Amino acid sequence: MRPLGLFATTAAFALLLGVTLPARALIVFDPTNYVQNVLTAARELQQINNQITSLQNEAQMLINQARNLANLPYSSLQQLQSSIQRTQQLLAQAQRIAYDVQQIDHAFSTTYAPATSSQSNQLLISNAQSRWQNSYAATQDALRVQAGIVGNLDTNRIQTSALVTSSQSASGALQATQAGNQILALQAQQLADLTAAAAAQGRAQSLEAAQRASAQDQGREQLRRFLTPGQGYQSSNVQMFH
């Protein structure tokens with residue numbers, strides 16, 4: 001009776017654990033199967049960890065892409081455009097002979113044309129006065145342009161400092177690129193100012209040189225009339241502008 005009692009106890013215990021035991025069977029521990037189950041579970045756990053790492057990497061990549069696509073919060077475009085407009089306005093305010101090809105050609109065919117015997121003394125004097133006034137006005141214009149450019153220096157200094165700071169603190173590639181582009185735009189604006197100053201100064205020097213050349217030519221014509229008998233030339237009308 002004892003073996004039957006032991007078997008009944010074992011079977012009842014197995015039923016409580018939810019295990020159906022075949023008749024006359026006992027629970028047997030299989031080390032090999034246990035090791036395989038553990039290895040399988042470990043591999044599955046490693047795969048889950050790999051998937052989690054992959055998702056983390058993808059999330060970080062999306063964050064980096066968002067940073068790289070973020071716009072630079074600072075823009076110097078308005079200040080640069082204002083500086084350029086101020087310089088353009090000063091150039092547009094050029095007096096008398098300005099930066100216009102047709103106007104220049106007309107002036108050098110009339111006021112700056114070589115003196116001839118057919119021109120009256122009054123016309124020679126009037127042309128000389130106009131040439132002197134042109135040179136005077138061009139010198140004033142050049143000084144005004146230079147003063148305007150000097151006034152832009154403080155604005156350019158502030159913009160340069162702000163752009164360099166923005167470039168150094170850029171959180172992504174796009175912000176760094178935009179900061180670099182704005183720095184290049186600032187340099188282009190400064191180059192435009194230098195070009196404007198050189199143009200204004202060159203205009204003043206050219207008109208001064210043309211005024212002197214015309215004065216010498218007119219002086220020779222006035223001297224010829226003074227020395228030529230029968231010209232009816234009044235000595236009080238001899239005027240030269242150098």
Side-chain angles (χ1 to χ4, degrees), residues 78-157 159 184-242:
Q78 183 176 359
Q79 289 80 2
L80 294 179
Q81 289 179 336
S82 297
S83 296
I84 293 175
Q85 288 175 355
R86 284 194 295 269
T87 302
Q88 288 178 329
Q89 289 173 356
L90 290 173
L91 291 175
Q93 294 171 2
Q95 307 169 76
R96 302 178 72 85
I97 300 178
Y99 305 96
D100 182 83
V101 175
Q102 293 181 350
Q103 186 179 9
I104 292 172
D105 289 343
H106 176 73
F108 275 79
S109 64
T110 55
T111 306
Y112 291 87
T116 63
S117 58
S118 61
Q119 294 174 330
S120 66
N121 295 330
Q122 187 59 40
L123 179 60
L124 293 178
I125 295 172
S126 176
N127 286 342
Q129 289 176 334
S130 295
R131 291 191 296 266
W132 179 84
Q133 291 171 351
N134 290 339
S135 298
Y136 182 88
T139 300
Q140 182 183 14
D141 292 336
L143 291 174
R144 294 178 72 248
V145 171
Q146 292 169 4
I149 292 174
V150 171
N152 288 338
L153 291 179
D154 189 58
T155 300
N156 293 342
R157 177 186 60 80
Q159 298 307 315
L184 292 176
L186 176 60
Q187 293 176 347
Q189 180 265 322
Q190 293 173 333
L191 181 60
D193 275 354
L194 292 176
T195 302
Q201 183 65 28
R203 169 176 172 261
Q205 293 175 346
S206 296
L207 288 177
E208 176 65 19
Q211 186 265 337
R212 290 183 179 276
S214 296
Q216 292 177 357
D217 179 72
Q218 180 175 323
R220 287 191 293 269
E221 175 61 21
Q222 289 176 321
L223 181 61
R224 185 193 66 78
R225 294 182 183 185
F226 180 77
L227 297 177
T228 300
Q231 290 287 332
Y233 189 81
Q234 298 293 330
S235 60
S236 59
N237 288 334
V238 178
Q239 299 187 32
M240 300 182 186
F241 290 83
H242 298 283

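These numbers come from a predicted model, not from an experiment.
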Using modelled atom types and a 3.5 Å cut-off, is there a donor and acceptor pairing between side-chain atoms of Gln159 and backbone atoms of Leu80?
no
If I take atom CD from residue Gln129 and atom CG from residue Leu124, how far apart are they, to the nearest 0.5 angstrom?
11.5 Å
Can you give me the closest heavy-atom contact between Leu207 and Asn134, atom names plus distance?
CD1-O, 3.9 Å
Is there a donor-acceptor pair under 3.5 Å between the side chain of Gln119 and the backbone N or O of Thr116?
yes
For the atom pair OG1 (Thr228) and CZ (Arg225), what is the distance rounded to the nearest 0.5 Å?
9.5 Å
Using side chain to side chain contact (heavy atoms under 4.5 Å, CB included), reason through Leu186 and Gln190 one step at a time and then give a plain yes or no.
CA-CA 6 Å; Leu186 176 60; Gln190 293 173 333; 4.3 Å; yes
Interatomic distance, CD@Glu208 vs CH2@Trp132, rounded to 0.5 Å, equals 10.5 Å
Using the rule given for side chain to side chain donor-acceptor pair (under 3.5 Å), can you reason through Gln133 versus Gln95, listing the C-alpha separation, both sets of side-chain angles and the distance that settles it, and then say yes or no?
CA-CA 10 Å; Gln133 291 171 351; Gln95 307 169 76; over 6 Å; no
With side chain to side chain contact (heavy atoms under 4.5 Å, CB included) as the test, would you mind laying out the steps for Arg212 and Ser135 before giving the verdict?
CA-CA 10 Å; Arg212 290 183 179 276; Ser135 298; over 6 Å; no
Please find the pair of heavy atoms, one from Glu221 and one from Arg224, that lie closest to each other, and give the distance.
OE2-NH2, 2.7 Å
Atom pair CD1 (Ile97) and CG (Asp141), whose distance is rounded to the nearest 0.5 Å:
11.5 Å
Closest heavy-atom pair, Thr155 versus Ser83, reported as atoms and distance to 0.1 Å, is CG2-OG, 4.1 Å
Nearest heavy atoms of Asn152 and Gln189, plus distance in Å:
ND2-NE2, 4.0 Å
Check Ala196 against Thr87 and note the closest heavy-atom contact, atom names and distance.
CB-CG2, 3.5 Å
Is it the case that Ser206 and Arg203 place a side-chain donor and acceptor less than 3.5 Å from each other?
no
Rounded to the nearest 0.5 Å, the CD atom of Gln93 sits from the CD atom of Gln88 at a distance of 12.0 Å
Treating Ser126 as the side-chain partner and Gln122 as the backbone partner, does any N or O pair qualify as donor plus acceptor under 3.5 Å?
no
For Arg131 and Thr111, indicate whether the former's side chain and the latter's backbone hold a donor-acceptor pair under 3.5 Å.
yes
Search all heavy atoms of Ile125 against all heavy atoms of Gln218 and return the closest pair with its distance.
N-NE2, 3.9 Å
Partners meeting ring-ring contact (aromatic ring centres under 6.0 Å, His included) with Phe108 (sequence neighbours left out)
Tyr112
Working to the nearest 0.5 Å, report the span between CG of Asp193 and CG of Leu153.
8.0 Å
